[in-house]
2 protein chains.
Amino acid sequence: MPGGRHDVTASAPQTAPRKRAGNGAAPQDIADDIGLDALVGHAGYAVRRFQIWIFQDFIKTLGEVDIRPTQYSVLTLIGANPGLSQMAVAKRLGIERARLVHLLDSLELRRYVKRVKSKADRRSHALHLTAQGETALAKFKRLAAEHERHVEEKIGKENRAQLLRILAGFT
Amino acid sequence: MPGGRHDVTASAPQTAPRKRAGNGAAPQDIADDIGLDALVGHAGYAVRRFQIWIFQDFIKTLGEVDIRPTQYSVLTLIGANPGLSQMAVAKRLGIERARLVHLLDSLELRRYVKRVKSKADRRSHALHLTAQGETALAKFKRLAAEHERHVEEKIGKENRAQLLRILAGFT
DNA sequence: TATTGTTATACTCTATAACTATA
DNA sequence: TATAGTTATAGAGTATAACAATA
């Protein structure tokens, strides 16, 4: 990528913000003084930019184990609620059930998850982590916690807590 | 859509939050008591879910004019900075320049934008709104402001302001 | 009839690479 | 040689529709 804003290479800039004051999150590394007009007042714009940054840091931090945010959320949910059906997981995480099929295919191939035929309802599968999946998830959680520290370094501990409080209703 | 969490049909629930206390953003309409475990502590998860909600409300609110968030951001940026090159717009908004080509193709087809050959650098195009584009953008901004009010109703005026402050560095 | 998992298709978005015309 | 715009391709992700097995 040609040195764009999506660059996550420097994960903790915290060292003295330049130009526009702010909280340590410095977007304008290079001098482009282009006004955003109405965009600065739109929550969606800021949220989207932040979400891109945060996902890229997550992907990078968990790069060594090749786990992406959605895969992590699926594994965590199954780990905390063994026996869930695919529909239940899809609904809880807001993933299309058609897409979950492929996500689980790949997680099953990697031996993290197994589909067990449900006896109660023979249409559905009960989802479980394998022993290997449990071990792996523990490591993923440690890396995810590291990613979370990057977020703190980026926006500040207090602001991160505020954010979680404000958005708690959407989880 | 089978009544999922992505449902944006009821845009302003504000009327008495049920179950988990919170700020009016109610995710658990139906009784599924599935624990999220580590996910509740991850800013990225909450931010992603919120971003999906906010974009869907934007798309719905600007549905009558068929303008999506990215198109709106491009039009707004050009409107505020006439003569920008495609590279400048792409960099400022964090869009791949390859993708911007198609975005501009469609906006040019709809007569909102025109590409003018730059005399200074004959490789680049100076981007401008057409008269029609100016008029249309004014309407888009009114609708976007309406969308922004939906956000306020959803998370609260104070929280929205906090959010903008916390994420100001990412715009 | 309705639901679960599945397959398939289309469209959006991201990430690259390569080409052209300029610089 | 480097850059601006373009074209093309591959991979996620989203949104649908339809089908088989089962309820």
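Throughout, a chain's letter reflects where its sequence line sits, starting with A, and its residues are numbered from 1.
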Asker: If you look at every strand shown and take non-hydrogen atoms under 4.0 Å, does S85(B) touch a base, only sugar-phosphate, or nothing?
Answerer: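 It contacts sugar-phosphate atoms only.
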Asker: More 5' along DNA chain C: D121(A) or K119(B), using each one's nearest nucleotide?
Answerer: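 Going by which nucleotide is closer to the 5' end, it is D121(A).
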Asker: Checking only heavy atoms, does the side chain of R123(A) share a donor-acceptor pair with the base of dT3(C) at less than 3.5 Å?
Answerer: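 Answer yes: a donor N or O sits under 3.5 Å from an acceptor.
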Asker: Would you find a donor on one side and an acceptor on the other, under 3.5 Å apart, between the side chain of T76(A) and the backbone of S73(A)?
Answerer: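 Judged by distance alone, no pair lies under 3.5 Å.
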Asker: With a 4.5 Å heavy-atom cut-off, do K154(A) and F170(B) have their side chains touching?
Answerer: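 In contact.
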Asker: How close or far is atom P of dA4(D) from atom CE of M87(B), stated in whole angstroms?
Answerer: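 Going from M87(B) (CE) to dA4(D) (P), I get 5 Å.
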Asker: Would the number of heavy atoms belonging to other residues, nucleotides or ligands and lying under 6.0 Å from CD of E146(A) be above 12?
Answerer: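 Yes, enclosed.
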Asker: Find the bend of the helix from dT1(C)-dA23(D) to dA23(C)-dT1(D) as the angle between its two terminal axes (five pairs each), to the nearest 10°.
Answerer: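 If I round to tens, the end axes sit 10° apart.
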Asker: Taking CG from L93(B) and C1' from dC13(C), how many angstroms apart are they, rounded to a whole number?
Answerer: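 Between C1' of dC13(C) and CG of L93(B): 15 Å.
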Asker: When the distance from CD of Q56(A) to P of dT14(C) is rounded to whole Å, what number comes out?
Answerer: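 After rounding, the gap between these two atoms is 10 Å.
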Asker: If I take atom CD1 in residue I52(A) and atom C1' in nucleotide dT12(C), what distance separates them, rounded to the nearest angstrom?
Answerer: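 Value for this atom pair: 14 Å.
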Asker: For a 4.5 angstrom cut-off between non-hydrogen side-chain atoms, does E134(A) reach T130(A)?
Answerer: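 They are not in side-chain contact.
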Asker: Using whole Å, report how far CD of Q51(B) lies from P of dT14(D).
Answerer: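 One finds 9 Å between P of dT14(D) and CD of Q51(B), rounded.
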Asker: Please tell me if R122(B) has a side-chain N or O lying less than 4.0 Å from either OP1 or OP2 of dA23(C).
Answerer: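 Answer yes for this pair, as a side-chain N or O of R122(B) is under 4.0 Å from OP1 or OP2.
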Asker: Distance check, rounded to the nearest 0.5 Å: S118(B) atom OG versus L84(B) atom CG?
Answerer: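 Output value for this atom pair is 11.5 Å.
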Asker: In whole Å, what is the span from the CZ atom of R49(A) to the P atom of dT14(C)?
Answerer: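 For the pair R49(A) CZ and dT14(C) P, the rounded distance is 10 Å.
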Asker: Less than 4.5 Å apart, side chain to side chain, heavy atoms only: is that true for V113(A) and H128(A)?
Answerer: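 No, their side chains stay 4.5 Å or more apart.
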Asker: Assess the side chains of Q132(A) and R110(A): does a donor N or O sit below 3.5 Å from an acceptor N or O?
Answerer: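 Distance-only check fails for Q132(A) and R110(A).
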Asker: Shorter than 3.5 Å, N or O on both sides, protein versus nucleotides 6-13 of chain D: list them out with atom names.
Answerer:
unit_1  : atom_1 : unit_2  : atom_2 : d
dT6(D)  : OP1    : R115(B) : NE     : 3.4
dT6(D)  : OP2    : Q86(B)  : OE1    : 3.0
dT6(D)  : OP2    : Q86(B)  : NE2    : 2.8
dT6(D)  : OP2    : R115(B) : NH2    : 3.1
dG13(D) : OP2    : R99(A)  : NH2    : 2.4
dG13(D) : O5'    : R99(A)  : NH2    : 3.1

Asker: Using atom CD of E96(A) as one end and atom P of dA18(D) as the other, report the distance to the nearest whole Å.
Answerer: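 After rounding, the gap between these two atoms is 16 Å.
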Asker: Y72(B) and F140(B): aromatic ring centres closer than 6.0 Å?
Answerer: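 Here the rings of F140(B) and Y72(B) have centres that are no less than 6.0 Å from each other.
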Asker: Between the side chain of E108(A) and the main-chain N/O of R115(A), is any donor-acceptor distance below 3.5 Å?
Answerer: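 Checking the backbone N and O of R115(A) against the side chain of E108(A), a donor-acceptor pair under 3.5 Å is found.
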